[in-house]
Number of protein chains: 2
Amino acid sequence: MESSTAPGGRTRREATRQKLYEAAVTLIAEQGFSATTVDEIAERAGVAKGTVYYNFASKSVLFEELLRHGVGLLTASLREAVEDTARNGGSKVDALDAMIRAGLVFMDRYPSFTQLYVAELWRTNRAWQSTLMVVRQQAVAVVEGVLREGVDNGEFSAEIDVQLTAAALVGMVLVAALDWQAFQPERSLDDVHSALSRLLQGRVSGRP
Amino acid sequence: MESSTAPGGRTRREATRQKLYEAAVTLIAEQGFSATTVDEIAERAGVAKGTVYYNFASKSVLFEELLRHGVGLLTASLREAVEDTARNGGSKVDALDAMIRAGLVFMDRYPSFTQLYVAELWRTNRAWQSTLMVVRQQAVAVVEGVLREGVDNGEFSAEIDVQLTAAALVGMVLVAALDWQAFQPERSLDDVHSALSRLLQGRVSGRP
DNA sequence: GTTTTTGAACTGACTGGTCAGTGCAAAAAC
DNA sequence: GTTTTTGCACTGACCAGTCAGTTCAAAAAC
């Protein structure tokens, strides 16, 4: 049994799954999981309904794998940003700043995924609740790690609450990015980034 | 023929609507709008399904009025916080800090509403989209107002981006509060408040 | 020849919304 | 002060439509 590979090295099946992810992510971001029908997903992906069920056990499973896939990309991107600053001898604040930028870039590239993620994260009593917890923790842990290292090396106050501060930072970026997209999409990524940098470094009050 | 008033002076109808709001808010926060059935709402409120439609034109209308109701409470609370600090001769940073606290208190008291609001705010193509925009703006405008006044009186740097900064601040509080509730509910409100204060005032890096 | 996809038909559970009818307390009629 | 009327608030069985998931024979892709 050998899975034939398409030009890109992906199997045919993977290509189909990718199309289904892309179709599902925009539809679910717009309408929510329950309001999105499997027929719609299949139609937008340009495949037959039977194909959806050939590739995924159920609508929920498709969604769960989509979540894992997307957060995996984000986490990898955050980690890369941290490693880059470390390689260049940057401080921990630089690492946080690089992560803010990486987050903004991700949300700029995958706005639908971001919407969908925010919309589902704090729900309770849903089938994919545990999946969501796991992937969330993967991403937030990267931020927490940098904060902790900063505390250890004395760059950050020992009194900061790592967990809460990480959550607040993530929220800051998340909501600013969503507002940017929704209400002033003409702004550049650099604009948004510098506004958030300023806030991070406490340069809101006072001068320089 | 007079509309009978209950002990509190509220009409019977208003009492019923309140019960429906309360039932709807928790169910929709948990499951989302589409996944919540009118039958469920009626059952939890302890009324018949027909009563829902006697009091609201449709499921969507019930939801829209619920949104207006909830954000109205939040906005009032934020305004009050600002006025209190102004009365006591506080600075604009004090006003921001008071709003952070007011936001946390609100989210502590109405966690379900907060969940539901976040989950629906950035969706597109939904019936209540415009309602949501309006109420969001009411709330965010209070924050923007304080920032603008701070810039005018020189307390804040003239270079801050009022709109983006307001959004980021709101996001910071929102996400920190949701994470607090979801992942470490044992923490006190003061704990969370001081972590956010620290971040607001740029006391993360460095010492005191 | 094996894997994957197609597409249409079907099922059975569920859902938003409807509507004829009920209960009841205040008002009107007597 | 008793009887009758009024209309608001509520009820719950019912209906027409929708959707996730199944099935499968045939075709296409590899």
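Only this structure's heavy atoms are used, side chains among them; waters, hydrogens and symmetry mates stay out. All values reported here derive from a predicted model rather than from experimental measurement. Every chain is numbered from 1, with letters handed out A, B, ... down the list of sequences.
Note: CD (A:Glu14) to P (D:dC30) measures 15 Å, nearest angstrom. As rounded to whole Å, 13 Å separates atom C1' of D:dA9 from atom CZ of B:Arg17. Put simply, NZ on B:Lys19 is 14 Å from P on D:dA9, counting in whole angstrom units.
Looking at B:Glu14 and B:Gln18, their side chains never bring a donor and an acceptor atom within 3.5 Å of each other.
Taking the six-membered ring where the residue is Trp, B:Phe113 and B:Phe106 present perpendicular rings, their angle passing 60° and hence far from 30°.
Residues forming a salt bridge (Lys or Arg N to Asp or Glu O under 4.0 Å) with B:Asp191 (at least two apart in sequence, or on another chain): B:Arg187. Every side-chain contact (heavy atoms from CB on, under 4.5 Å) that B:Ala29 has, sequence neighbours left out, goes to B:Ser112, B:Gln115, B:Leu116.
Heavy-atom neighbours of A:Gln184 CD from other residues, nucleotides or ligands within 6.0 Å: above the threshold of 12. In this structure, A:Glu159 places its CD atom where only 12 or fewer heavy-atom neighbours from other residues, nucleotides or ligands lie under 6.0 Å away.
Listed for the A:Thr26 side chain is a donor-acceptor partner under 3.5 Å among the backbone atoms of A:Ala23. Between the side chain of B:Ser194 and the backbone N or O of B:Asp190, at least one donor-acceptor pair lies under 3.5 Å. For the pair A:Arg44 (side chain) and A:Ala24 (backbone), a donor-acceptor distance under 3.5 Å is absent.
Applying the salt bridge (Lys or Arg N to Asp or Glu O under 4.0 Å) test to pairs two or more places apart or on separate chains, those with a residue in residues 67-86 of chain B are B:Asp84-B:Arg87.
Nearest to the side-chain atoms of A:Tyr54 among the listed nucleotides D:dA9, C:dT4, D:dT11 stands C:dT4.
Annotation: proximity of residues 22-29 of chain B to DNA chain C (heavy atom, distance under 4.0 Å) is found for no residue.
Judged by a 6.0 Å distance limit and a 45° cone about the ring axis, A:Arg123 is not positioned over the six-membered ring of A:Phe33.
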Can you pull every protein N or O that's under 3.5 Å from an N or O on nucleotides 18-20 of chain D?
residue: D:dA20; atom: OP1; partner: A:Thr36; partner atom: O; Å: 3.2
residue: D:dA20; atom: OP1; partner: A:Lys59; partner atom: NZ; Å: 3.0
residue: D:dA20; atom: OP2; partner: A:Val38; partner atom: N; Å: 3.0

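With axes fitted over five pairs at each extremity, the angle between the ends of the helix from C:dG1-D:dC30 to C:dC30-D:dG1 is 20° (10° resolution).
The side chain of B:Thr51 places no N or O atom within less than 4.0 Å of a non-bridging phosphate oxygen (OP1 or OP2) of D:dA9. Here B:Asn55 reaches the OP1 or OP2 of D:dC10: one of its side-chain N or O atoms lies under 4.0 Å away.
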